[in-house]
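Quick note: numbers below take in every heavy atom, side chains included, and nothing from hydrogens, waters or symmetry partners. First listed ligand is number 1; within each ligand, the first listed atom is number 1. Since we're looking at a predicted model, the values are computed, not measured.
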Amino acid sequence: MAAEPKKIIIDTDPGIDDAMAIFLALRSPEVQVIGLTTIYGNVYTTLATRNALHLLEVAGRTDIPVAEGSHVTLTKGTKLRVADFVHGADGLGNQNFPPPEGKPIEDSAAAFLVQQAKLDPGNVTVVALGPLTNIALAIQLDLEFAKNIGQIVILGGAFAVNGNVNPAAEANIFGDPDAADVVFTSGADILTVGINVTHQVVLTGSDREKLATSNGKFAQYLTKILNLYFSYHREAYNTDGVYLHDPTAFLAAVDPTLVTCMEGSVRVQTSGITRGLTILYNKQKRFGEITEWSNKPTVKVAVTVDAPRVDDTQEEVALDLFILALQAFYSLFNARRRNDTCTTTLPNSSTISNNIFNLDWSRLTSLLKQVSAVRNRLCACSNPLASGRSLNGA
Ligand SMILES: O=c1[nH]c(=O)c2ncn([C@@H]3O[C@H](CO)[C@@H](O)[C@H]3O)c2[nH]1
């Protein structure tokens, strides 16, 4: 008997990669999206709500409720940092889509999160794609929330790598570091996927060309909104490809075996020049004194694993899988910057003729698993965390 779809709420600041994650979620039979909650980040909250409603209308899923989230940080700060230079003034690549017809529900995002977790304790997953204010508010609103919520999967943090706002901080954590610290220390079941992982997941220019020729349900829409995201990455990273932050976090929520993790307590720097810095204490050293990490709950932090190199035959298989994965949404283009083993110009392959958004979910996830296993063996990872123990037995 097929497993029940996983109930998920997407807390989102759409956002171009948010749109990708939302569409991916709506096409995944493994999950039932029971609501979207909105937050500032890529845009202000009002626009995030408008975009969430718009995306559901594009997808024909106006049955899914949208609950508007906080307009201020946890400490009531109103000077918000909004990444319109990444996503455009409208958050969706400056396409000037018409306003949605729908309206958000009356409940606030935090109230909606609390209510849904209470209705089905242990069985609702929140996929948090923006700053963590709404989740922290839910934790403060209901002392049982951290226990009632099944899992919180966070797109956030830069673990042992530079941030993307500045060398210290990743954007979602930087958006509300106080909220992030509340969430990481709440005792909820947490998996966080930081840019140390998502920067390995790239949609390339040639992937986008394939997308442009596809008649998949969301292909034309995404091709359009991706233009600006590509320009930003070209400017910021000098690369013809875009990081798939939010889709990666969503996929990790659906199938946690796609990432390997370390466990430990995470604290967030809330002030000073390293505001937004995320530090994982991996519990490998016993400190002689009490620290700010002592006795804090453990969370899972996605990392890449360092594994033995493959022999020549396996490398051939690896390359094949590598190409397949490219067409299946998950290129590993970024590896070329780290390791020459992976620097080949990728040949064309038509092994998978389906567009990524038409791919069968189980095929996609099994491909991804194989590819990430092979890639991990091929590419020694530069992230020092990667030499840690794999919790998934990989
Ligand atoms: O402020 C930002 N600067 C970036 O370079 C950047 N790249 C992506 N993003 C968004 O923030 C999250 C990743 O840090 C994702 O949700 C991107 O949409 C960014 N935000």
Side-chain angles (χ1 to χ4, degrees), residues 10-25 36-45 47-48 51-52 55 69 73 79-94 126-135 152-177 179-180 183 192-203 222 225-253 259 266 268 275-278 301-302 334:
I10 306 180
D11 188 66
T12 176
D13 55 342
I16 295 166
D17 57 334
D18 298 71
M20 299 177 95
I22 290 167
F23 287 160
L24 192 55
L36 301 184
T37 52
T38 62
I39 191 64
Y40 61 84
N42 295 325
V43 290
Y44 289 103
T45 305
L47 189 47
N51 287 350
L55 291 167
T73 66
K79 196 166 169 286
L80 307 174
R81 179 181 177 278
V82 162
D84 51 2
F85 55 93
V86 181
H87 298 270
D90 68 352
L92 294 171
N94 287 336
V126 179
V127 181
L129 303 178
L132 293 168
T133 319
N134 292 334
I135 322 296
I152 304 171
V153 178
I154 296 168
L155 182 268
F159 292 91
V161 297
N162 274 171
N164 57 3
V165 170
N166 60 42
E170 180 277 329
N172 286 347
I173 305 298
F174 189 80
D176 194 346
V183 174
T192 192
V193 183
I195 58 174
N196 47 303
V197 167
T198 59
H199 277 192
Q200 296 170 45
V201 184
V202 179
L203 183 85
L222 289 174
I225 66 170
L226 275 165
N227 261 334
L228 194 83
Y229 204 41
F230 267 81
S231 308
Y232 171 71
H233 283 72
R234 205 166 296 122
E235 178 76 26
Y237 298 98
N238 194 25
T239 184
D240 180 31
V242 297
Y243 297 133
L244 296 173
H245 303 282
D246 295 350
T248 306
F250 165 72
L251 288 170
V259 291
V266 169
V268 181
R275 186 175 151 82
L277 178 72
T278 43
V301 175
N334 193 45

- Query: Does the side chain of Thr38 come within less than 4.5 Å of Asn51's, by heavy atoms?
  - Reply: no

- Task: Give the numbers and elements of all ligand 1 atoms closer than 4.0 Å to a heavy atom of His87.
- Result: 10 (C), 17 (C), 18 (O)

- Message: Using modelled atom types and a 3.5 Å cut-off, is there a donor and acceptor pairing between side-chain atoms of Asn42 and backbone atoms of Leu92?
- Response: no

- So which protein heavy atom does atom 16 (O) of ligand 1 come closest to, and at what separation? Asp246 OD1, 3.1 Å

- Hey, which atoms in ligand 1 end up nearer than 4.0 Å to a heavy atom of Arg81? 1 (O), 2 (C)

- Residue portion contacting ligand 1 (non-hydrogen atoms closer than 4.0 Å) for Thr198: neither

- Item | Of Thr192, Ile154, Asp13, Leu132, the residue whose pairing with Asn172 passes side-chain contact (heavy atoms from CB on, under 4.5 Å) | Asp13

- In this structure, atom 14 (O) of ligand 1 is nearest to the protein heavy atom Glu170 OE2, 2.4 Å

- How far is atom 10 (C) of ligand 1 from its nearest protein heavy atom, and which residue and atom name does that atom have? Asn42 OD1, 3.5 Å

- Task: State whether the side chain of His87 and the backbone N or O of Val43 hold a donor-acceptor pair below 3.5 Å, judged by distance alone.
- Result: no

- Using side-chain contact (heavy atoms from CB on, under 4.5 Å) as the criterion, point out the one residue from Val126, Ile135, Asp11 that pairs with Thr37. Asp11

- Message: Check whether Thr198 reaches the backbone of Leu244 with its side chain - one donor and one acceptor, N or O, closer than 3.5 Å.
- Response: no

- The option among Ala236, Ala171, Gly175, Ala169 carrying the non-hydrogen atom nearest to atom 11 (O) of ligand 1 is Ala171

- Task: Below 4.0 angstrom from a heavy atom of Ala83, which ligand 1 atoms are there? Numbered from 1 as shown, please.
- Result: 1 (O), 2 (C), 20 (N)

- Are side-chain N/O atoms of Thr133 and Asp176 paired as donor and acceptor at under 3.5 Å? yes

- Query: Does Leu155 approach ligand 1 within less than 4.0 angstrom via side chain, backbone, both or neither, non-hydrogen atoms only?
  - Reply: side chain

- Message: Below 3.5 Å, N or O to N or O, backbone or side chain included: is there any such pair between Asp13 and ligand 1?
- Response: no

- Task: Could you tell me which atoms of ligand 1, counted from 1 in the order shown, lie closer than 4.0 angstrom to a heavy atom of Leu129?
- Result: 16 (O)

- Task: Spell out, as yes or no, whether a donor-acceptor pair under 3.5 Å connects the side chain of Asn162 to the backbone of Pro167.
- Result: yes

- Quick one: does Asp17 get an N or O within less than 3.5 Å of an N or O on ligand 1? yes

- Query: With respect to Met20, which candidate in Thr248, Ile225, Asp246, Leu226 satisfies the side-chain contact (heavy atoms from CB on, under 4.5 Å) definition?
  - Reply: Leu226

- Tell me which protein heavy atom sits closest to atom 19 (C) of ligand 1, plus the residue, atom name and distance to 0.1 Å. Asn164 ND2, 3.9 Å

- Message: Counting only nitrogen or oxygen atoms and a 3.5 angstrom limit, does Tyr232 reach ligand 1?
- Response: yes

